[in-house]
Chemist: 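I'd like to ask you about the structure that follows.
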Amino acid sequence: MKKLIIRGGRVVDPYSGTDEKLDILIQDGRVRKLEKKLDAGLREAKTIDARGKIVAPGFIDLHTHLREPGREDKETILTGTKAACHGGFTSVLCMPNTTPPIDDESVVRFVIRQQEQAGFARVYAVGAITKGLAGRELTEIGHLVGAGVVAISDDGNSLMNSELMRRALEYATMFGIPIISHCEDVSLTAAGVMNEGYYSTLFGMRGAPAVAEQVMVARDIILAEYTRAHIHITHVSSKGSVELIRRAKERGVRVTSDTAPHYFTLNDSMLRDYNPNLKINPPLRSLEDVEAIKDGLKAGTIDAIATDHAPHTQAEKEVEFDAAPSGIVGLETALGLVLKELVEPGVLSLPDAIRKLTFSPAEIVNLPGGRLQKGSPADITVFDPRPTWVCEPSDFLSKSKNSPFKGWTLRGKVECVLVGGNPVIEDGEVTSSTA
Amino acid sequence: MKLNRRDLLGLEELSREEVELILTTANSFREISERPIRKVPALRGKTIVNLFLEPSTRTRSSFELAAKRLSADTVNISASSSSILKGETLLDTARNLQAMKIDAVVIRHASPGAPAFLASKLAVPVINGGDGIHEHPTQGLLDLLTIRDKKGEIEGLKVLIVGDITHSRVARSDIFGLSKLGAEVRVCGPSTLIPREIEKLGVRVHYNIEEALINADVVIVLRLQIERQKGRLVPSVREYRNLFMITQERLSLAKEGTLLMHPGPINRGIELDQEAADSAQSVILDQVTNGIAIRMAILYLLIGVHP
């Protein structure tokens with residue numbers, strides 16, 4: 001297979017602590033050499049000029065909605081994985097809330113086949129905890145794992161039955177996979193559409209309190225501690241949750257967590273115009289929560305940054321706020337927000353930010369990627385952290401454009417993305433798929 | 001004089017001067033409804049659509065009368081008769097109406113922000129006739145007009161709002177309007193029906209009705225939406241009545257000559273007893289009369305041709 005060299009970039013691999021100018025030789029889909037100056041004699045090799053750029057492991061998104069099967073009008077595995085690569089992600093975990101849901105092996109196999117045909121980012125399926133995401137009976141978790149799922153979750157359908165959650169945690173430990181938990185006590189959120197607090201009072205919208213998240217974070221931590229299982233709390237949005245996770249980690253509970261860029265960027269005061277593209281679940285919280293999320297990222301309480309990429313059509317979102325579905329697209333704005341909101345103001349160093357997009361998520365779900373070492377898969381993202389750009393959703397490769405960041409000035413451009421050694425993005429544009 | 005805005009979405013965003021302008025204009029329109037021929041040609045040739053997607057008798061007929069007394073033509077659309085039942089979106093409904101060349105839309109909708117959403121998409125003025133639990137600006141204005149008419153001045157008055165504050169768009173508009181004009185606003189109701197951090201809107205919260213009533217110049221009683229409670233927010237109507245119902249006896253704790261108001265429809269014997277509702281202090285029917293004047297003023301200021 002052809003050789004490929006990435007020359008002259010600043011290689012940042014948080015896993016090994018590497019942060020220096022290196023050349024990388026790639027062959028047969030793997031990293032073969034990392035050296036200060038790779039010799040000539042490799043004239044036949046294709047060269048990517050990375051001078052002045054950052055060369056990082058490909059980003060891994062723990063939380064993506066690809067919508068296929070079922071809602072191909074919002075996103076397909078092809079468009080979603082293309083959008084992922086465009087945003088620097090070489091692997092995504094797809095959530096099981098499709099139609100049909102990923103609750104049996106056939107759907108897992110379908111997803112994997114579609115990904116192979118698409119040939120962009122790798123897709124790892126997250127299986128459902130319960131059949132039909134209905135919260136009543138466990139799926140055949142062993143069979144799902146056999147077919148390739150790397151975690152299980154009922155995602156948006158928060159599993160309210162504590163006994164079932166306990167059993168799922170116990171059962172999952174046999175396979176060494178985590179449960180990814182969307183923490184929401186739905187009896188507390190009821191008809192709420194935004195964070196409960198001063199702004200829900202002012203704007204006259206029904207509130208969903210942050211304690212609805214915290215009650216479930218606390219329950220899941222308690223159950224994980226009891227069963228010695230691994231619980232992963234996804235899209236942490238509130239100060240109280242960060243605090244619960246911090247204390248649990250201190251006493252050795254196997255709890256990990258992620259947050260999404262909107263939770264360290266946006267707050268509930270921004271809902272004044274009732275923009276449906278700000279309707280997200282969990283809802284945007286207060287400024288105080290936003291600060292706590294940043295502190296949690298900085299302290300390592302929050303391990304990873306995930307997008308919760310949730311595509312919806314324009315017709316679905318162009319309605320009154322109450323009627324709009326929750327969720328925003330995020331794959332193509334994540335890096336821009338991380339650099340602008342976290343790295344630029346010094347909340348995270350660049351290597352720490354990259355860690356939360358690469359090795360940390362890989363470690364949480366035991367993926368081989370997320371590192372740049374001799375022998376590791378050549379999933380690589382090359383980006384320039386300096387340029388600013390104005391976010392225009394019509395430029396997204398995602399099928400859906402429901403982003404609240406339209407018109408925002410973001411920082412950092414993805415230049416080149418390799419998946420398994422194949423360049424799928426060059427000069428920021430899609431070149432070819434690996435299929 | 002003209003309002004320097006295209007839409008009326010809420011009282012929160014209005015300046016004190018704008019509120020004063022609306023009240024002054026409404027005051028001058030009150031007399032029209034007292035004439036033998038209750039009609040002036042101010043809005044002749046204008047078409048106003050009343051898009052009422054939530055049940056309403058009072059507000060809708062008040063808007064309709066206001067438009068007619070200014071010689072505008074009106075079309076009423078309600079949820080049960082509209083193509084929204086056939087799955088049409090609010091946006092498409094409104095765009096279709098606009099394509100029929102109309103001059104304003106009055107919208108009543110269960111979703112907060114629905115008028116703002118329409119206003120962002122349409123070129124004609126949008127008037128909020130009540131959006132979910134958010135605002136009911138014309139009700140707030142008619143309350144201000146009624147209070148000013150009876151008390152002369154709003155500045156410095158102590159106004160108590162009693163009931164389900166959380167789910168009341170009337171309470172929000174009243175609070176915004178009254179605070180703007182310098183009144184001191186108190187709210188009183190079950191703690192389950194007082195929204196979080198409402199103190200930040202500049203109001204005082206009471207849970208004891210007797211305390212709340214002391215020295216009140218105005219008492220605005222809200223409708224208890226019994227169907228909403230379901231035994232979770234309020235244990236029973238009986239308990240609500242005992243703790244919060246405004247009676248003639250309780251009213252005597254307020255300042256002498258206190259005004260009793262209610263946006264209607266009244267649940268007699270639940271939030272307000274029969275005797276108080278029909279007492280001399282009650283200005284509930286004046287509110288209804290003033291509602292027409294306020295809506296005439298809004299329509300005139302937003303779509304009238306001003307020399």
Side-chain angles (χ1 to χ4, degrees), chain A residues 185-212 214 238 240 267-279 283-289 312-326 402 404 406-407, chain B residues 9-13 51 53-54 84 87-95 107 109-121 128 130-137 140 165-173 175-176 187 193-203 205 228 230 232-233:
Chain A
D185 184 324
V186 296
S187 67
L188 280 167
T189 49
V193 293
M194 73 169 286
N195 185 43
E196 183 173 271
Y198 170 65
Y199 288 103
S200 62
T201 295
L202 183 65
F203 303 152
M205 286 202 265
R206 287 168 195 275
V211 294
Q214 292 149 21
S238 72
N267 65 72
D268 58 0
S269 75
M270 297 172 175
L271 287 150
R272 173 171 288 280
D273 297 329
Y274 303 92
N275 176 1
N277 281 335
L278 291 171
K279 186 170 174 185
L284 298 174
R285 305 287 184 198
S286 70
L287 260 181
E288 193 187 358
D289 292 301
H312 293 295
T313 65
Q314 189 185 347
E316 285 175 301
K317 277 287 197 182
E318 211 168 45
V319 294
E320 54 277 22
F321 196 90
D322 281 354
S326 295
N402 51 309
K406 183 183 167 77
Chain B
L9 302 178
L11 293 193
E12 193 213 341
E13 61 257 35
L51 183 58
L53 302 176
E54 211 188 36
I84 285 193
E88 185 170 68
T89 64
L90 177 61
L91 181 58
D92 281 334
T93 301
R95 279 181 176 155
I107 178 172
H109 198 286
S111 176
F117 168 71
L118 271 198
S120 71
K121 304 287 182 185
N128 182 359
D131 60 332
I133 61 174
H134 175 222
E135 279 224 47
H136 192 352
I165 309 297
T166 298
H167 302 102
S168 176
R169 53 187 167 221
V170 176
R172 277 181 185 72
S173 288
I175 290 167
F176 296 137
V187 299
L193 296 174
I194 305 286
R196 294 186 70 84
E197 303 191 45
I198 193 168
E199 299 86 349
K200 283 198 194 164
L201 297 182
V203 306
V205 177
R228 185 145 32 215
K230 292 177 194 153
R232 294 181 302 117
L233 298 171

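Below, chains carry the letters A, B, ... as their sequence lines are ordered, and counting in each starts from 1.
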Chemist: Heavy atom to heavy atom, less than 4.5 Å: which residues from residues 185-197 of chain A reach chain B?
Modeler: A:E196, A:G197

Chemist: With chain B as the partner, which of A:R272, A:E320, A:M205 has the greatest number of non-hydrogen pairs under 4.5 Å?
Modeler: A:E320

Chemist: Below 4.5 Å from any heavy atom of chain A, which atoms of B:L91 appear? Answer side chain, backbone, both or neither.
Modeler: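 Interface part for B:L91: side chain.
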
Chemist: Can you say whether A:L271 sits under 4.5 Å from chain B via the side chain, the backbone, both, or neither, judging by heavy atoms?
Modeler: neither

Chemist: Just so I know, are the side chains of A:V319 and B:L90 near enough to count as touching, which here means a heavy-atom distance under 4.5 Å?
Modeler: no

Chemist: List for me each residue that meets salt bridge (Lys or Arg N to Asp or Glu O under 4.0 Å) alongside B:E199, sequence neighbours excluded, and say none if there are none.
Modeler: none

Chemist: Please identify each residue that fulfils side-chain hydrogen bond (donor to acceptor under 3.5 Å, both in side chains) with A:N277, with sequence neighbours left out.
Modeler: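 In terms of side-chain hydrogen bond (donor to acceptor under 3.5 Å, both in side chains), with neighbours along the sequence ignored, A:N277 is linked to no residue.
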
Chemist: Quick one: does any side-chain atom of B:R172 pair with a main-chain N or O of A:F203 as donor and acceptor, under 3.5 Å?
Modeler: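 Pair absent, no side-chain N/O of B:R172 close to backbone of A:F203.
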
Chemist: Mind checking ring pair (Phe, Tyr, Trp, His ring centres under 6.0 Å) for A:Y198 and listing every partner two or more places apart, or none if nothing turns up?
Modeler: none

Chemist: Using 0.5 Å steps for rounding, measure from the OH atom of A:Y274 to the CG atom of B:D131.
Modeler: 6.0 Å

Chemist: If every non-hydrogen atom of A:F321 is compared with every non-hydrogen atom of B:P112, which pair is closest and at what distance?
Modeler: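 Closest pair (atom of A:F321, atom of B:P112, distance): CB-O, 4.4 Å.
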
Chemist: Can you say whether B:E12 sits under 4.5 Å from chain A via the side chain, the backbone, both, or neither, judging by heavy atoms?
Modeler: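 Side chain only.
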
Chemist: Roughly how far apart are B:I165 CD1 and A:T201 OG1, rounded to 0.5 Å?
Modeler: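 B:I165 atom CD1 to A:T201 atom OG1 measures 11.0 Å (nearest 0.5 Å).
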
Chemist: Would you compute the distance between atom OG1 of B:T166 and atom CZ of A:R206 and round it to the nearest 0.5 angstrom?
Modeler: 9.5 Å

Chemist: Please check if the number of heavy atoms outside A:E288 that lie under 6.0 Å from its CD is greater than 12.
Modeler: no

